[in-house]
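Just below is one structure, and these are the notes that go with it.
Chain identifiers are assigned alphabetically (A, B, ...) following the order of the sequence lines, protein sequences preceding nucleic acid strands; residue numbering begins at 1 within each chain.
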Amino acid sequence: MTPFAKGSHLHLIDGSGFIFRAYHALPPLTRKSDGLPIGAVAGFCNMIWKMLQETKGDDAPTHMAVVFDKSEQTFRKDIYPAYKAQRPDPPDDLKPQFRLIRDATRAFNLPCIEKDGFEADDIIATYATAAAAAGGRVTIVSADKDLMQLVAPGIEMFDTLKNRAIGPDEVFEKFGVAPDRVIDVQALAGDSVDNVPGAPGIGIKTAAQLIGEYGDLETLLARAAEIKQPKRRATLIDNAEQIRVSRDLVTLRRDVELADGIETLEVREPEAEQLLEFLALMEFRTLATRVASKLKVEAPVIGDTAGFAPPASGTDVRVLGAGEPPPVVPIDRSVYTVLRDEAALDAWLARIPARGVVAVSVEGIGSDEVTGEIAGVALAIGPGAAAYLPLGHVTAGGDLFSAEGQIPLAAALARLKPVLQDASVLKIGHDVKRAVKLFARQGIALAPIDDTMLLSYALHAGLHGHGRDVLAEEFLGHQPLARRPLLGGGKSARGFREVPIEEAAPYAAEDAEIIWRLWNALKPKLPFARVTRVYETMERPLVPVLAEMERNGIRVDRARLSRLSGDFAQRMAALESEIHTLAGSPFNIGSPKQLGEVLFEQMSLQGGKRGKTGAYGTGADVLEELAAQGHDLPARVLDWRALSKLKSTYTDTLQDAINRETGRVHTSYQIAGAATGRLASTDPNLQNIPVRTDEGRQIREAFVPEAGNVLLSLDYSQIELRILAHMADIGALRQAFHDGLDIHAMTASEMFGVPIEGMPSHIRRQAKAINFGVIYGISAFGLANNLRIPRADAQRFIDTYFERFPGIREYMNRTVAFAKEHGHVETLFGRRIHTPEINAKGPHAGFASRAAINAPIQGSAADIIRRAMIRVPAAIAHLPAKMLLQVHDELLFEVAESAAEETAEVVRAVMSTAALPAVALDVPLVVDAGWGESWSAAH
DNA sequence: GTAATCACG
DNA sequence: GACGTACGTGATTACG
């Protein structure tokens with residue numbers, strides 16, 4: 001080893017700085033065989049190779065190292081906790097590349113230097129200072145202004161992207177002072193990106209002028225009182241301490257204790273085999289060829305499946321036709337691994353980091369995702385490379401015994417946890433919210449994540465479902481093992497824990513492999529469909545938010561529901577006997593068929609209409625009509641039905657939904673359920689809890705907070721009409737919203753020329769029906785039905801409305817035409833809702849065009865509340881508040897009573913600005929808030 | 001499994 | 001001119 005001395009030349013490459021520059025400078029390249037993002041890796045490798053070639057000869061470096069940031073936690077955070085606090089997470093497609101770039105560095109046979117607690121800049125400063133002191137030369141390969149303070153005799157910088165050296169002159173150009181005073185200028189000017197406070201109101205120009213005048217920072221602060229400009233003087237005096245802290249933050253440490261002395265950084269020639277192996281794995285064909293020719297070895301053959309384990313049997317190859325991707329290795333369930341001991345698990349997990357992406361499929365022991373345990377975890381990193389890790393399987397034989405050949409749960413989870421939480425390993429799932437919840441229960445925060453279900457949803461909402469089986473068929477031409485035979489049905493149904501491991505393993509491992517393949521098939525499509533932003537900002541970030549809400553659950557007062565059930569039962573029994581008396585004979589009131597026969601045959605009432613199945617219609621509208629004619633029986637049936645509905649759907653069923661462990665009800669939200677972007681709530685549905693009748697509201701009174709808390713409800717006022725006013729650009733509507741007018745009264749006034757003051761309620765009601773009708777894609781038939789008026793009258797209303805607001809008709813025509821041309825419509829935020837039926841003939845066409853008119857309006861409203869929900873957790877992090885439920889235009893929170901008002905204001909601010917910055921609405925978004933001792937009282 | 005009904009926005 | 005419709009959901013019940 002040659003000592004570093006006079007004549008030596010050290011190149012220090014700012015690896016972390018370069019990663020971000022390469023990432024943003026290059027298009028999002030992916031590895032061809034599997035879609036792994038590798039743009040930054042490619043940029044890095046090309047840069048290193050170019051540098052190695054160009055620096056040969058007299059000026060060749062004798063020593064070289066690549067330096068990286070290691071952790072977020074540096075000594076600067078101890079000095080100033082807000083330092084770099086608001087820095088966003090790196091993009092998810094960059095995260096897996098961090099590790100690959102370190103691998104690349106080693107493949108080039110270069111030292112890869114990093115140290116906990118320090119930034120790359122501190123390590124560079126330490127080496128550069130030591131090298132200069134030893135009499136050698138230093139070139140810092142970076143354009144980062146934070147490194148410019150190091151420029152000195154013997155130390156210069158080099159910007160590879162601009163291909164120019166940075167010396168004292170260039171530093172002066174940037175900071176207006178010599179390199180040795182750069183720290184002073186940075187301390188004064190601060191840095192908004194890194195959250196270095198500096199002196200408020202002073203930028204680089206002023207700072208340089210002040211330092212130029214007073215010589216250095218301490219002198220300036222000591223003599224601040226002499227400054228003529230009063231504002232500047234006050235700023236410096238008031239913020240002296242903050243400026244000194246800023247100086248400590250920007251000053252690079254030159255005394256980091258480093259394990260490797262400079263002499264160990266001596267340049268070594270790349271080893272051909274090692275380097276080419278890496279380049280082949282990354283599938284960098286051009287660079288591999290170039291490197292091979294330079295190193296005078298044979299270039300590796302890089303096929304499209306390079307990096308994959310060769311298929312066990314490669315005969316059954318699916319041919320996709322000319323111009324299609326290369327032949328695909330078929331799924332082979334016989335090659336999967338079952339991880340039964342810790343050594344096997346460790347070996348498998350060790351393969352994941354280099355990939356940067358792993359498909360994860362987790363099975364709970366049963367259907368409970370909140371308090372249920374894990375039965376097993378399947379992982380996949382490539383075709384045929386999948387494994388199943390059984391954890392909670394049991395053998396049933398009267399009692400349940402833990403099945404043999406399973407690693408103890410705690411030990412396995414301890415090994416999984418670092419990978420599942422590793423920021424540089426992307427975890428992909430299908431409906432990954434399930435996995436997030438199951439792992440959260442085990443203290444594991446699954447992140448970062450991707451979701452093939454949501455990829456499909458962002459790409460193809462309205463075209464087809466997004467279940468795993470549908471997608472496997474559609475995109476892989478593969479039919480997976482069915483879940484049903486494993487779990488049985490009816491009486492013989494069993495939880496996944498009871499499925500024998502040898503049956504569970506191929507099913508689960510195949511699931512993981514399918515997810516991995518689907519991700520590779522779907523993720524690259526996002527930019528082509530222009531839905532990357534939709535997916536990245538409105539689908540994926542919602543997953544952890546919903547997982548937390550679902551885990552929170554809401555407290556429900558069982559005793560109260562039970563009392564209501566009893567009350568309803570009594571009243572139903574009374575009604576039942578009354579109805580039977582009126583009918584003259586007993587029958588099943590709950591049977592529409594029997595009821596129809598009683599009404600229209602036995603009692604011979606008029607107006608009986610048979611539907612397409614031959615049964616009489618007995619819907620509420622029919623019964624109401626009969627009741628209005630003075631018939632008692634249908635009126636009693638309506639009362640009975642209302643109670644029956646409340647009892648069976650709510651007061652009885654909701655009690656069963658209370659979780660034994662938490663005492664709360666945990667709904668599950670379907671993110672990809674509704675084509676428009678709305679959520680759907682299931683098991684139980686908490687988005688249709690009654691509110692419109694007094695009896696219904698009694699059920700809401702059973703939704704209660706914990707002691708000392710209140711339920712806080714915030715809802716958007718008229719959000720869909722506001723969106724319509726914006727999208728269709730209706731000046732009168734927009735103005736009415738700006739002026740805070742009663743929008744339905746205003747509509748009525750415009751249409752019928754009636755003054756808003758003292759407007760008769762039936763006129764307003766008609767206008768309200770029209771406003772809603774417009775959102776739904778109005779038709780005379782629908783409006784007539786709703787208002788119980790003749791169709792001709794309804795048509796006249798609509799004509800008048802369109803005359804008064806011609807922009808609405810234009811919007812409707814424009815939207816339908818767009819759908820016909822493109823096959824989809826879009827929300828304000830770019831969400832696509834496909835309309836495959838839009839060009840159909842016959843009655844389908846009407847449905848499709850109304851749906852197309854409604855979708856951008858309903859969907860934009862859905863987007864807005866999604867955006868709000870994603871921002872809420874950070875906004876309320878400092879408050880004793882939890883977000884519990886979403887009901888399309890309402891968010892419900894549980895909050896300490898003392899913090900209700902503050903929480904309301906914080907959330908109101910988030911909700912009313914949720915469209916920004918993507919869309920600036922021409923109408924205000926008004927949010928109403930209320931809180932109380934129950935969900936009913938919160939309204 | 002499907003249709004009818006009705007709860008919500 | 002007839003068709004036959006308000007938009008988006010989920011749960012329960014009856015019934016074949």
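With ring centers used as reference points, A:Phe752 lies under 6.0 Å from A:Phe797.
When side chains are defined from C-beta on, A:Glu576 counts as touching A:Ile589, because their heavy atoms get closer than 4.5 Å.
Donor-acceptor pairing under 3.5 Å, judged by distance alone, is absent between the side chain of A:Arg678 and the base of C:dT9.
The side chain to side chain donor-acceptor pair (under 3.5 Å) test with A:Gln886 is passed by exactly one of A:Arg866, A:Gln687, A:Arg678: A:Gln687.
Using a 4.0 Å cut-off, some side-chain N or O of A:Gln670 falls inside it from OP1 or OP2 of C:dG10. In this model, the phosphate group of B:dT5 is approached by a side-chain N or O of A:Thr618 to a distance below 4.0 Å at OP1 or OP2. Taking 4.0 angstrom as the limit, A:Asn588 places a side-chain polar atom (N or O) nearer than this to OP1 or OP2 of C:dA14. Note on A:Ser591: a side-chain N or O is less than 4.0 Å away from OP1 or OP2 of C:dC15. Side-chain N/O atoms of A:Arg641 include one lying less than 4.0 angstrom from OP1 or OP2 on B:dC6. Between A:Arg850 and C:dA6 there is no side-chain N or O to OP1 or OP2 distance below 4.0 Å. Taking only side-chain nitrogens and oxygens, A:Thr653 comes nearer than 4.0 Å to OP1 or OP2 of C:dT12.
Backbone-only engagement by A:Phe847 is indicated by non-hydrogen atom pairs under 4.0 Å involving sugar-phosphate atoms exclusively. Residue contacts for A:Asp683: at a heavy-atom cut-off of 4.0 Å it reaches the sugar-phosphate backbone alone, with no base atom in range. Residue contacts for A:Gly619: at a heavy-atom cut-off of 4.0 Å it reaches the sugar-phosphate backbone alone, with no base atom in range. Using a 4.0 Å heavy-atom criterion, one finds that A:Asn688 contacts the bases of the nucleic acid, with or without backbone contacts as well. The residue A:Ser648 sits close only to the backbone: its heavy atoms come under 4.0 Å of sugar-phosphate atoms, none of a base. Nucleic acid contact class of A:Ala675 (heavy atoms, under 4.0 Å, all strands): sugar-phosphate only. A:Ile775 comes within 4.0 angstrom of no nucleic acid atom, judged by non-hydrogen atoms across all strands. The residue A:Ile857 sits apart from the nucleic acid: no heavy atom pair falls under 4.0 Å. At the heavy-atom level, A:Ala657 lies nowhere under 4.0 Å from the strands shown. Residue A:Gly590 is classed as a sugar-phosphate contact, given heavy-atom separations below 4.0 Å to backbone atoms only.
Residue A:Asp656 contributes atom CG, which lies 13 Å from atom C1' of C:dA11 at whole-angstrom precision. One interatomic measurement links the two molecules: CD of A:Gln858 to P of B:dC8, which rounds to 17 Å at whole-angstrom precision. When rounded to the nearest whole Å, the span between NZ of A:Lys647 and P of C:dT13 equals 9 Å. Here B:dG9 presents its C1' atom at 15 Å from CG of A:Asp928, a figure rounded to the nearest Å. One atom, CD1 of A:Ile808, and another, P of C:dA6, lie 21 Å apart when rounded to the nearest Å. We find that NZ of A:Lys609 is positioned 14 Å from P of C:dG4, with the value rounded to whole Å. Put simply, CG on A:Leu595 is 17 Å from P on C:dT13, counting in whole angstrom units. A:Leu721 has its CG atom 17 Å from the P atom of C:dC7, to the nearest Å.
When distances are taken from the side chain of A:Ala680 to each of C:dT9, B:dA7, C:dA6, the shortest belongs to C:dT9. Side-chain proximity of A:Lys645 to B:dT5, C:dT5, B:dC8: nearest is B:dT5.
Side-chain contact annotation: A:Ser668 with A:Asp683, donor-acceptor N/O pair under 3.5 Å absent. Under the 3.5 Å distance criterion, with hydrogens and angles disregarded, a donor-acceptor pair is assigned to the side chains of A:Ser585 and A:Gln602.
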A:Phe818/A:His824 under ring pair (Phe, Tyr, Trp, His ring centres under 6.0 Å): CA gap, chis, key distance, verdict: CA-CA 7 Å; A:Phe818 184 97; A:His824 71 263; 5.6 Å; yes

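Comparing C:dT5 with B:dA3, their P atoms sit 14 Å apart, to the nearest whole Å. For the P atoms, the distance from B:dC8 to C:dC3 is 34 Å, rounded to whole Å. If you take atom P in B:dA4 and the same atom in C:dA6, they sit 13 Å apart, rounded to whole Å.
Remark: A:His822 NE2 is packed, more than 12 non-hydrogen atoms of other residues, nucleotides or ligands lying under 6.0 Å away.
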